[in-house]
Visitor: 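After the structure tokens below, expect a handful of questions from me.
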Protein chains: 2
Amino acid sequence: MYRRRDTRREQLVAEITNNLRRYAVDAQQVGHAFANLHGLNPTDLQALIAVMDAELLGDPITPGRLGEQLNLSSGSVTALIDRLERAGHIRRDRDTADRRKVLLHYADQGAALAMEFFQPLGARTDTVMARFGEDELEVVHRFMAEMSESLRGHRDEVRAARPESPRRPTG
Amino acid sequence: MYRRRDTRREQLVAEITNNLRRYAVDAQQVGHAFANLHGLNPTDLQALIAVMDAELLGDPITPGRLGEQLNLSSGSVTALIDRLERAGHIRRDRDTADRRKVLLHYADQGAALAMEFFQPLGARTDTVMARFGEDELEVVHRFMAEMSESLRGHRDEVRAARPESPRRPTG
DNA sequence: TCCGAGTATCTCGACAATCGAGATTATCGA
DNA sequence: TCGATAATCTCGATTGTCGAGATACTCGGA
């Protein structure tokens, strides 16, 4: 964000970078605000979306994998799922094949909530996209796909890094 | 994400929407992982970025406004600033004009951390953008600017909404 | 069928971030 | 100087999270 802007191209790069960053921040705040509004905490909403995503991909998520995605300990995951299940957002089902496993499915309550979360967002997204031609959307699509891919790579790198001196403020 | 995909255009819209959502989720997880790595919690990192942003715009943020941005109560903000100040990330300064106000500035420690956070991200962003022509970047820029603007509007709407029955589970 | 190693999930006590009401400190107009 | 207003901080209660150990299940071998 804080870089040379001598050429038009550099200026574009700088501003796009800015916008991506702001988009990410704002998205997080939308999630936070929405969660508050519905008596959830942000983790709950993240979890709900992850459960829904996995299920729609035909590959229901387990508590273990959910914990990896959200970076939670096993204890926290159990508490999290308890909360969501108590609120009627999701269900726990044992995997019939491997009965050690628990598969998470969203319940009606959770589907409704996710819908309520995504619908206004989708409407706004559509409005913006309506102002772009199909060839332009092709460009945007290619850009977002690569950007998304790149960010996922970065996330995995950061996660792989081990804290060398985690919290030792000058001993 | 879950919509008709009859035409190429609809397909594009659907996939871009998907990518935006995934980008937001992944960005949040990067923040979470990075914060963990450095002994912070996600709120601390968000706050640090907000302080840095405000200061670079020439308009240093106050604890009150920081609390609004992050949706924290005044007590939490004080604790948050205490943590960050103790860790050497930011400084508190009284506003000389209105001495009730406290202005937050990032200290060297905080600048270094923010740099460490953004640099690898910037490198990746640059790599992706290098694969696009200047006219393509113009399109992406316009798209991201409008998208970002739209999302901010949505955030404010969600924040303005008041929880009608916040947490009364059929009590 | 029984055993033991391996894996997934859950239980529980300790810790830390957050909330929210009230106290504190500073400003501004009369 | 005094009272009203505003920004920040203090403190007790609540709640999400951690992490080690317990529990439940699977799978291969005898």
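Note that the structure is predicted; figures quoted are calculated from it, not measured.
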Visitor: When you check every protein heavy atom under 4.0 Å of nucleotides 18-30 of chain C, what one-letter string (B, S, -) results, 5' to 3'?
Guide: SBBB----BS---
Visitor: Take the protein atom CD of A:E68 and the nucleotide atom C1' of C:dT7, then report the distance between them rounded to whole Å.
Guide: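 Taking atom C1' of C:dT7 as the reference, CD of A:E68 is at 13 Å.
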Visitor: Distance-only check: which donor-acceptor pairs under 3.5 Å involve side-chain atoms of residues 79-89 of chain A, not counting sequence neighbours?
Guide:
from	atom 1	to	atom 2	distance (Å)
A:D82	OD1	A:R92	NH2	2.2
A:R83	NE	A:D44	OD1	3.2
A:R83	NE	A:D44	OD2	3.4
A:R83	NH2	A:D44	OD1	2.8
A:E85	OE1	A:R92	NE	3.0
A:E85	OE1	A:R92	NH2	3.3
A:E85	OE2	A:R92	N	3.2

Visitor: Whole angstroms only, please: what is the CG-P distance between B:L103 and D:dA7?
Guide: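 Nearest whole value for this atom pair: 13 Å.
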Visitor: Can you list the residues that meet the side chain to side chain contact (heavy atoms under 4.5 Å, CB included) rule with B:R91, with sequence neighbours excluded?
Guide: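 By the side chain to side chain contact (heavy atoms under 4.5 Å, CB included) rule, B:R91 matches B:D93, B:H105.
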Visitor: Can you tell me which residue pairs pass the side chain to side chain donor-acceptor pair (under 3.5 Å) test with a partner in residues 108-118 of chain B, sequence neighbours excluded?
Guide: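 Residue pairs passing side chain to side chain donor-acceptor pair (under 3.5 Å), neighbours aside: B:H38-B:E116.
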Visitor: In whole angstrom, what separates A:R92's CZ from C:dT9's P?
Guide: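 From A:R92 CZ to C:dT9 P: 10 Å.
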Visitor: Heavy atom of residues 58-66 of chain B under 4.0 Å from DNA chain D: which residues?
Guide: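 Per residue number, the list reads B:T62, B:P63, B:G64.
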Visitor: Quick one: side chain to side chain contact (heavy atoms under 4.5 Å, CB included) partners of B:R9, sequence neighbours excluded?
Guide: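 Once residues adjacent in sequence are excluded, the partners of B:R9 under the side chain to side chain contact (heavy atoms under 4.5 Å, CB included) criterion are A:E134, A:L137, B:T7.
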Visitor: Considering residues at least two apart in sequence or located in another chain, which fulfil the side chain to side chain contact (heavy atoms under 4.5 Å, CB included) criterion with B:R100?
Guide: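 For B:R100 the side chain to side chain contact (heavy atoms under 4.5 Å, CB included) partners, ignoring immediate neighbours, are B:D98.
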Visitor: Which whole-number value in Å describes the distance from A:Q46 CD to D:dG16 P?
Guide: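 Atom-to-atom, A:Q46 to D:dG16, this comes out as 15 Å.
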Visitor: Taking only residues at least two apart or on different chains, which pairs with a member in residues 28-38 of chain B satisfy salt bridge (charged side-chain N to carboxylate O under 4.0 Å, His left out)?
Guide: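 Residue pairs with at least one partner in residues 28-38 of chain B: there are none.
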Visitor: Quick one: which residue pairs count as a side chain to side chain donor-acceptor pair (under 3.5 Å) with a foot in residues 71-81 of chain A, not counting sequence neighbours?
Guide: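 Residue pairs with at least one partner in residues 71-81 of chain A: A:S73-A:S76.
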Visitor: Is it true that A:R65 and A:E68 have a side-chain N and a carboxylate O under 4.0 angstrom from each other?
Guide: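 Salt bridge: no.
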Visitor: Please name all residues satisfying salt bridge (Lys or Arg N to Asp or Glu O under 4.0 Å) with B:R155, sequence neighbours left out, ordered by chain then number.
Guide: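 Partners of B:R155 by the salt bridge (Lys or Arg N to Asp or Glu O under 4.0 Å) criterion, ordered by chain and then number, come out as A:D26.
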Visitor: Could you tell me which residues satisfy side chain to side chain contact (heavy atoms under 4.5 Å, CB included) with B:V128, sequence neighbours excluded, listed by chain and number?
Guide: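 Expected list: A:F143, A:E146, A:M147, A:S150, B:R131, B:F132.
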Visitor: If the helix axis at each end comes from five base pairs, how far does the helix from C:dT1-D:dA30 to C:dA30-D:dT1 deviate from straight, to 10°?
Guide: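 Rounded to the nearest 10 degrees, the bend comes out at 10°.
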